Amino acid sequence: MAFEGLTERLQNAMSKLRRKGKISETDVREAMREIRLALLEADVNFGVVKDFVKTVRERAIGSEVLESLTPAQQIVKIVDEELTKVMGEEATALNKSPHIPTIIMMVGLQGAGKTTTAGKLAYRLKENDQARPLFIAADVYRPAAIEQLQVVAQQVGAPVFELGTDVDPREIVRQGLAQAVENKNDYVIIDTAGRLQIDEKLMQELADIKELAQPSEILLTVDAMTGQNAVNVAESFNQQLDITGVVLTKLDGDTRGGAALSIRAVTGKPIKFTGQGEKLTDLDVFHPDRMADRILG
Ligand code: GDP
């Protein structure tokens, strides 16, 4: 289960404090050492851990906490609040264009769950907003990618604009957008090419697509199972494309938690959704407070 190790270690640190009744500054420092190790072991970014522990320590050794009747409980509350803060405080809604279509550009490395997430998102928009999305198949490097998008689109019940694999992705996007305008689609979801790793040609292509499509939303899909690598990927995509949000996939897996806790603080960009499985319905809005509660167990 996701966050299992982290939850267990945080709970241990907290229950040690609870057993003490009255708590000294030394007890707090000891607990902070344990929290620091727990976070590092969960693969949370080093800088994020440092700032987090410093903030919690400063708040926890304040006299109101230590002299309160329930110091351990107060510290749990502080940890909960700071976990929430580090993940972005509030849920962040999908950006919407004032005129149709709202254009969503999906980016990410191959295998992160981009196409699956595009399908989940379209499904969600159809269910909640009765939207009429159009997919644009702009991944021309893997022939199977178009087919995969078509399978997903069929499940969702939304059309795909595609021109095969021999046309430049920029041209595909240009024509796809023209079709969306003609058909009055209210959403366009562009499935772009993923690579095994970030390369310049891919980034330039994505930058060109961004320039011509002017999307309201550039959603980066990252795989929570890849920990710090997901954070590094998010940082470089953000530097190059100024992304608007992140979808953290595979949170149903055995992830340690590092990506969920680091991405917002490192990139300044919100996690908007999480993927919790392979089905179309397995997409949740990311609520930092609920995630903090889940991590604390
Ligand atoms: P893409 O290459 O980025 O387009 O990735 P895909 O959408 O093809 O997904 C890669 C694999 O991850 C597929 O087997 C998906 O079913 C799976 N996948 C995607 N999102 C999730 C998720 O949230 N949870 C789980 N368990 N699997 C997922």
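Order of listing sets the numbers, starting from 1, for every ligand and every atom in it. Bear in mind the structure is a predicted one, so any value in this text is a computation, not a measurement. In this chain, residues are counted from 1 in sequence order.
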Next item on the list: Take every heavy atom of Asp252, measure it against each atom of ligand 1, and state whether any distance is under 4.0 Å.
Entry: yes
Note to self: Any carboxylate oxygen within less than 4.0 angstrom of a Lys/Arg side-chain nitrogen, looking at Lys85 and Glu82?
What the structure shows: yes
Checklist line | Residues Thr274 and Gln276: side-chain donor-acceptor under 3.5 angstrom | finding: yes
Checklist line | Exam field: side chain Lys120 to backbone Asp282, donor-acceptor pair closer than 3.5 Å | finding: yes
Item checked: Closest to atom 17 (C) of ligand 1 among Gln110, Glu278, Met106, Lys120 (heavy-atom distance) -> Glu278
Notebook entry, point to check: Quick one: nearest non-hydrogen protein atom to atom 18 (N) of ligand 1, plus distance?
Noted result: Lys250 CE, 3.8 Å
Notebook entry, point to check: Are any of the N/O atoms in Thr249 less than 3.5 Å from those in ligand 1?
Noted result: no
Notebook entry, point to check: If you measure only the distance, is there a donor-acceptor pair under 3.5 Å linking the side chains of Glu171 and Gln175?
Noted result: yes
Note to self: Less than 4.5 Å apart, side chain to side chain, heavy atoms only: is that true for Asp166 and Val140?
What the structure shows: no
Check: How far is atom 3 (O) of ligand 1 from its nearest protein heavy atom, and which residue and atom name does that atom have?
Finding: Lys114 N, 2.7 Å
Check: Any idea which atoms of ligand 1 are less than 4.0 Å away from a heavy-atom of Gly275?
Finding: 23 (O)
Check: In ligand 1, which numbered atoms sit nearer than 4.0 Å to a non-hydrogen atom of Gln276?
Finding: 23 (O)
Notebook entry, point to check: Which bit of Met225 is near ligand 1, meaning a heavy atom under 4.0 Å away: side chain, backbone, both or neither?
Noted result: neither
Item checked: side-chain hydrogen bond (donor to acceptor under 3.5 Å, both in side chains) pairs, two or more places apart, involving residues 202-223 -> Tyr141-Glu205, Arg170-Asp208, Gln204-Asp208, Glu217-Thr244, Glu217-Lys272, Asp223-Lys250
Notebook entry, point to check: Under a 4.0 Å heavy-atom limit, does Gln148 contact ligand 1 with its side chain, its backbone, both, or neither?
Noted result: side chain
Check: Hey, does Ile263 have a side-chain heavy atom less than 4.5 Å from the side chain of Lys269?
Finding: no
Note to self: Is there a polar contact, in the sense of an N or O pair closer than 3.5 Å, between Thr117 and ligand 1?
What the structure shows: no
Notebook entry, point to check: Hey, does the side chain of Asp186 reach the backbone of Pro101 with a donor-acceptor pair shorter than 3.5 angstrom?
Noted result: no
Note to self: I'd like to check which ligand 1 atoms, numbered from 1 as shown, lie under 4.0 Å from a non-hydrogen atom of Leu109.
What the structure shows: 3 (O)
Next item on the list: Answer with yes or no whether Ala112 contacts ligand 1, where contact means a heavy atom under 4.0 Å from a ligand atom.
Entry: yes
Item checked: Minimum-distance protein heavy atom relative to atom 10 (C) of ligand 1 -> Gly111 O, 3.6 Å
Item checked: Nearest-neighbour protein heavy atom for atom 5 (O) of ligand 1, which is reported as residue plus atom name and distance -> Gly113 N, 3.0 Å
Check: Has the side chain of Asn185 got a donor or acceptor atom that lies under 3.5 Å from a matching backbone atom of Val188?
Finding: no
Item checked: Option from Leu177, Val160, Leu163 for which side chain to side chain contact (heavy atoms under 4.5 Å, CB included) with Ile136 holds -> Leu177
Notebook entry, point to check: Of all the heavy atoms in Gly253, does at least one lie under 4.0 Å from an atom in ligand 1?
Noted result: no
Check: Considering only heavy atoms of Thr116, which atoms of ligand 1 have at least one such atom less than 4.0 Å away?
Finding: 6 (P), 7 (O), 9 (O), 15 (C), 19 (C)
Next item on the list: Look at atom 22 (C) of ligand 1 and say which protein heavy atom is nearest, naming residue and atom and giving the distance to 0.1 Å.
Entry: Gly277 O, 3.1 Å
Next item on the list: Test Arg9 against Glu41 for salt bridge (Lys or Arg N to Asp or Glu O under 4.0 Å), laying out the working first.
Entry: CA-CA 10 Å; Arg9 295 199 57 162; Glu41 221 163 86; 2.8 Å; yes
